[in-house]
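To start, the structure under review is shown below, and the notes come after it.
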Amino acid sequence: MPVSSPANEEELLARAAVLAGESIAEVAQGLGLPVPADLSKHKGWVGMLIERALGASAGSRPEPDFEHLGVELKTLPVDRAGKPCESTFVCTISLGELCEMEWEDSRVRRKLSRVLWVPVQGERERELRLRRFGTPLIWSPDADELSALRFDWEELAGLVTRFGVDAITGHAGRFLQIRPKARDASVRRHGFAADGASIDALPRGFYLRPSFTFEILRRHFAL
DNA sequence: GATTGATCATGT
DNA sequence: ACATGATCAATC
């Protein structure tokens, strides 16, 4: 039985708050879903689980998870100290997009305008079914975060425009970075370079570094 | 131990 | 094909 869509942001947050303290096994059982032994072949499984538990609507469509609320849902795996143990995928790069586009219109900005972060225990030593959800947090970037993201985005967009997407490594960007996002390293996606030349490049996406998401948690929970 | 590049599954 | 959901694992 599918979970209904939350009517508003308050209800969404309240639903997520109910899950805090529950284990993955408990939440999965409530939905009648089997829990995989580990995530190695099911990397997005926890994210899908929480989507279903909260009544997310968008599925795999290029829309916010809660379309009518304009809210994006992200799980955030954290270690024992509450520090994120992974980067957070934001969105893919469409090759031509960065050249002429401005930050205000960017997909990074839109994706991150409103996010429901759901912390979940993510230590690899901990059995998947026993990992517990943490207290959720509705977030929008404040002025500092916005300017930091904008700075990185503009730097990265400039690098892509001047040197091409294949010249980018994960080293660039203080909080936002560009990394591969594909089935494997042989995948090529068609697009156009800044000079208009047709190119085929490894698909990449924007990711938030753990230092950025840790700061979000720190500020909110006063860790 | 932290980080970058590689990879896995599923839905439209 | 390409979007969604991310974590794995080799390397620094």
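Sequence lines set the chain letters: A, B, ... in the order given, protein chains first and strands last, and positions in each chain run from 1. Every value quoted in this text rests on a predicted model; they were computed, and no experiment measured them.
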Minimum-distance nucleotide to A/A185 side chain [options: C/dC2, B/dA6, B/dT4]: B/dA6

Touch class at under 4.0 angstrom, heavy-atom based, for A/H190 against every strand present: nothing

Residue closer to the 5' end of DNA chain C, A/R188 versus A/T88 (nearest nucleotide): A/R188

Candidates B/dA9, C/dG5, C/dT7 - which lies nearest the side chain of A/R179: C/dT7

Side-chain N,O (A/T169) to OP1/OP2 (B/dT4) below 4.0 Å: no

5' precedence on DNA chain C between A/S94 and A/F89 (nearest-nucleotide basis): A/S94

Salt bridge present between A/D166 and A/R204 (N-O < 4.0 angstrom): yes

Which residue lies more 5' along DNA chain B, comparing A/Y207 with A/C85 via nearest heavy atoms: A/C85

Integer-rounded Å distance: B/dC8 P and A/L128 CG: 18 Å

Distance-only donor-acceptor test, A/R183 side-chain atoms vs B/dA6 base atoms, 3.5 Å: no

Salt bridge (charged side-chain N to carboxylate O under 4.0 Å, His left out) partner of A/E72, chosen from A/K111, A/R109, A/R114: A/K111

Atom pair distance, as rounded to whole Å: CZ in A/R204 and C1' in C/dA6: 18 Å

Nucleotide of C/dT4, C/dC2, C/dG5 approaching A/R107 most closely (side-chain heavy atoms): C/dT4

same_hphob_cluster(A/I168, A/F206) at 4.5 Å side-chain heavy-atom cutoff: yes

Close side-chain approach of A/V118 to A/V46, heavy-atom, < 4.5 Å: no

Spacing of A/R52 atom CZ relative to B/dT10 atom P, expressed in whole Å: 12 Å

Distance in angstrom units between A/H42 NE2 and C/dT4 C1', rounded: 17 Å

Contact under 4.0 Å: A/Q177 side-chain N or O vs B/dT3 OP1/OP2: no

Side chain of A/T92 (C-beta onward), nearest among C/dG5, B/dT7, C/dA3: C/dA3

Among A/L159, A/T169, A/L156, side chain to side chain contact (heavy atoms under 4.5 Å, CB included) partner for A/I178: A/L156

Sugar-phosphate, base or nothing in reach of A/P203, heavy atoms under 4.0 Å: nothing

A/F212 CZ - B/dA2 P separation (whole Å): 20 Å

Below 4.0 Å: OP1/OP2 of C/dT7 and any side-chain N or O of A/S87: no

Contact nearer the 5' end of DNA chain B, comparing A/K181 with A/R124: A/R124

Sugar-phosphate, base or nothing in reach of A/G170, heavy atoms under 4.0 Å: sugar-phosphate

Atom-pair distance (CD on A/E72; C1' on C/dG5), nearest Å: 10 Å

Residues A/R150, A/E104: salt bridge by 4.0 Å N-O rule: yes

Whole angstrom value for the distance that separates C1' of B/dT7 from NZ of A/K41: 9 Å

Whole-Å distance separating the CZ atom of A/F175 from the P atom of B/dT4: 14 Å

A/K74 side-chain N/O to C/dT4 phosphate OP1/OP2 under 4.0 Å: no

